[in-house]
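Here is the structure we will look at, set down as structure tokens.
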Amino acid sequence: MTKVRTRFAPSPTGYMHIGNLRTALYAYLLTKSMGGDFILRIEDTDQERYVEGATDVIYNTLRETGLLWDEGPDIGGNYGPYVQSDRKGLYKEYAEKLVEQGKAYYCFCDKERLEKVRHDCEVQKIPPKYDRHCLNLSKEEIQAKIDAGEPYVIRQNMPQSGTTSFEDAVFGTITVENITLDDQVLLKSDGMPTYNFANVVDDHLMAITHVIRGNEYLSSTPKYNLLYEAFGWEIPQYIHCSPVMRDHTHKLSKRDGDASYEDFIKKGYLKEAVLNYIALLGWSPQGEQEKFTLEQLVEAFSVTGISKSPAIFDEAKLAWLNGEYLRELTPEQFYEKALPFIEQAVKNPALDKMKISALLQKRTEKLSDIPEQIDFFDKVPQYSNELYVHKKMKTNEENSKTSLIALKELLSNQEDWTVDGIHDSVMALVEQLGIKNGQMLYPLRVAVSGKAFTPGGGIELAEILGKEETLKRIDEAISKL
RNA sequence: GGCUCAUUGGUCAAGUGGUUAAGACUCCGCCCUCUCACGGCGGCAUCAGGGGUUCGAAUCCCCUAUGAGUCACCA
């Protein structure tokens, strides 16, 4: 049995779209689940779109997420080079082979003529198709034009009758009428192949066994099969994936500003969560497990779980999953990730950020939510005394004031400024006064934070703020009431 | 417009002729609790519509609707 080989073949746009990353993930999972190799190939045949540093984005994202490739531009392999522009010379040879067989032909039509042809089609309301104007040029005519230095392309000569079918692992058998196929350009006038040609040549030369890609290629796949057949090459297994959507009618796109892997990391999502979530978008495992490490995904993955219909990206679920990952971190690990976000809101160096971090861990879904939760540590925000009115706590402005006055008295004599120490003293006071816990603790929270809900309870906040600051805040609160 | 494809709750989805149509997220309620969150328990809500085939259809067939992809010297 031949070794399974899949490839991820992005074009360097400087940006890792979440849908692209999912395709890479599936390709990786498929091949690793069958003990195969994962190949990275850069498709840069459109030099007009070349972006400096774009390949680094691809390398970094793949490396960060653990989708390590076995062969690629940077590490080489037995089937290189792995950058299409470095393979330029080789496509022409194959295109010419096709011309010899009559499966392709030279075309000298310029842009103006092609536009006119297209325009005419539109007017007649028929699907735009090249009119095969150059199909029957004689050898002499062709040679004369080439000698004269006329630019040319090589087009695929599509059969004009019959049908072409192919098998897709997720969509099943798809059949099209050959007559609907356009004579697509294989080799551009600059000598570069089109994607349509390069992907076939390269997939064959690189011994790719399974082609995983977006389903925007579904409708051109018959053309690729015709190419494979013309060359007598073995056709790979096709696995086309439906797109990741923003909503029912729109794909998740760059313009939405949150379609790239980078965007999500910036927002404070963990790479494990992003990867785990996108794995589940359009694929479902056998059992009921939803949380997977990359290794577990490799174990669980199967193409039969890939769904045909487009999936809408649901950030709420990503956030939930991210929260799950955050909660299972050790306090130290969480602290390390949370610190930059804590520091956005807390500048006071006297405050113990590790303690703040501990309060946040169970209350954070994405790290970027942190600053807003703790914006009261440096300075109590403006708040209305109505905050003291809490039905369930049975508090109002009056009894809150009474509680705070008693609390002030108590805490100014408090020696042991630890959560336990404060807790014991306060509880003793509560008992002595014969009130509910909440009637003492809720006013404390408000006085100390200016908020109705906070990460941690009033006592925990007081401990972090320190005795002096706590008393100061209680004082201010009393005078406000 | 032609061609290709898709359609199970708000979202991701299981399901392949006989099920009370899983599960997760969201939302709501209760419990826990000094708030919020976590955790626990419970709840709302789905087979796009219409025809067939069949004893029986979410599952098979046809039509309709809606949506997507494609129709470049982009990938």
Side-chain angles (χ1 to χ4, degrees), chain A residues 9-11 13 43-46 48-49 107 109-111 114 118 121-122 125-130 151-155 168 171-172 174-177 179-182 184-190 192-196 198-199 213-222 240 242-243 245 247-251 277 280-290 305 307-321 323 327 359-365 373 390 392-393 423 426-427 430 436-446 449 451-460:
Chain A
S11 55
T13 58
E43 309 222 328
D44 61 345
T45 54
D46 185 3
E48 283 177 27
R49 282 219 257 169
C107 168
C109 294
D110 57 24
K111 275 213 155 71
L114 292 176
R118 213 166 304 156
C121 287
E122 267 174 45
K125 292 195 173 155
I126 57 171
K129 249 180 91 180
Y130 177 61
Y152 65 88
V153 301
I154 293 179
R155 286 182 183 274
D168 182 89
F171 288 94
I174 292 176
T175 302
V176 298
E177 299 281 338
I179 193 71
T180 64
L181 271 16
D182 194 18
Q184 64 178 350
V185 171
L186 265 19
L187 206 69
K188 303 189 237 183
S189 54
D190 65 0
M192 280 287 197
T194 57
Y195 166 85
N196 295 318
N199 94 83
R213 52 159 70 129
N215 76 355
E216 64 266 29
Y217 297 108
L218 211 46
S219 54
S220 18
T221 301
H240 287 93
S242 283
M245 308 292 283
D247 56 44
H248 285 285
T249 54
H250 305 276
K251 277 213 247 189
Y277 178 67
L280 262 22
L281 249 196
W283 169 77
S284 78
Q286 282 297 309
E288 285 184 1
Q289 183 180 350
E290 284 202 295
S307 62
K308 296 183 196 183
S309 34
I312 298 174
F313 192 97
D314 181 13
E315 198 170 336
K317 181 139 186 182
L318 202 214
W320 166 77
L321 195 58
R327 268 169 247 130
L359 296 182
L360 288 166
Q361 188 163 4
K362 282 194 162 60
R363 298 171 169 87
T364 304
E365 284 205 320
Q373 292 191 77
H390 194 294
K392 201 176 146 204
M393 296 296 107
H423 183 267
V426 172
M427 285 315 182
V430 165
K436 287 178 59 91
N437 293 352
Q439 287 176 304
M440 181 63 74
L441 295 165
Y442 184 73
L444 172 60
R445 174 203 332 286
V446 176
S449 71
K451 290 190 156 192
F453 37 81
T454 55
I459 292 170
E460 288 164 305

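Letters go in sequence order (proteins before strands), and every chain restarts at 1. Quick caveat, the model's predicted, so the values are computed rather than measured. Just so it is clear, the values below take in all heavy atoms, side chains as well, and ignore hydrogens, waters and symmetry mates.
- Rounded to whole angstrom, the span from the CD atom of A/Glu315 across to the C1' atom of B/rU26 amounts to 14 Å.
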Output one line per pair: protein atom, nucleotide atom from nucleotides 7-16 of chain B, and distance, for all N/O pairs under 3.5 Å.
| from | atom 1 | to | atom 2 | distance (Å) |
| --- | --- | --- | --- | --- |
| B/rU11 | OP1 | A/His248 | NE2 | 2.7 |
| B/rC12 | OP1 | A/Ile312 | N | 3.2 |
| B/rC12 | O2' | A/Leu280 | O | 3.1 |
| B/rA13 | OP1 | A/Gly282 | N | 2.7 |
| B/rA13 | OP1 | A/Ser307 | OG | 3.2 |
| B/rA13 | O3' | A/Ser284 | OG | 3.4 |
| B/rA14 | OP1 | A/Ser284 | OG | 3.2 |

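- Within 6.0 Å of the NZ atom in A/Lys436, the count of heavy atoms belonging to other residues, nucleotides or ligands does not exceed 12.
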Might you list the N or O atoms of the protein lying below 3.5 Å from N or O atoms in nucleotides 61-66 of chain B, with each pair's distance?
none

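- Whole-Å rounding puts the A/Trp320 CH2 to B/rG23 C1' distance at 11 Å.
- Residue contacts shown for A/Thr364 are absent, as no nucleic acid heavy atom lies under 4.0 Å away.
- Between A/Tyr277 and A/Leu321, the shortest heavy-atom distance links the atoms N-CD2, 3.7 Å.
- Of the candidate nucleotides B/rU35, B/rA75, B/rC25, B/rU35 has the atom nearest to the side chain of A/Phe453.
- Here B/rG1 sits opposite B/rC71 as a Watson-Crick or G-U wobble pair (both hydrogen-bonding atom distances under 3.5 Å).
- Using the Watson-Crick or G-U wobble rule with both distances under 3.5 Å, B/rG9 pairs with nothing in any strand shown.
- For CD of A/Gln286, the number of neighbouring non-hydrogen atoms (other residues, nucleotides, ligands) closer than 6.0 Å is 12 at most.
- No hydrogens or angles were tested; on distance alone, a donor-acceptor pair under 3.5 Å links the side chain of A/Ser189 to the base of B/rC73.
- No N or O donor and acceptor, one from the side chain of A/Arg327 and one from the base of B/rC38, sit under 3.5 Å apart.
- A/Met393 comes within contact range of the sugar-phosphate backbone alone, with a heavy-atom separation under 4.0 Å but no base atom that close.
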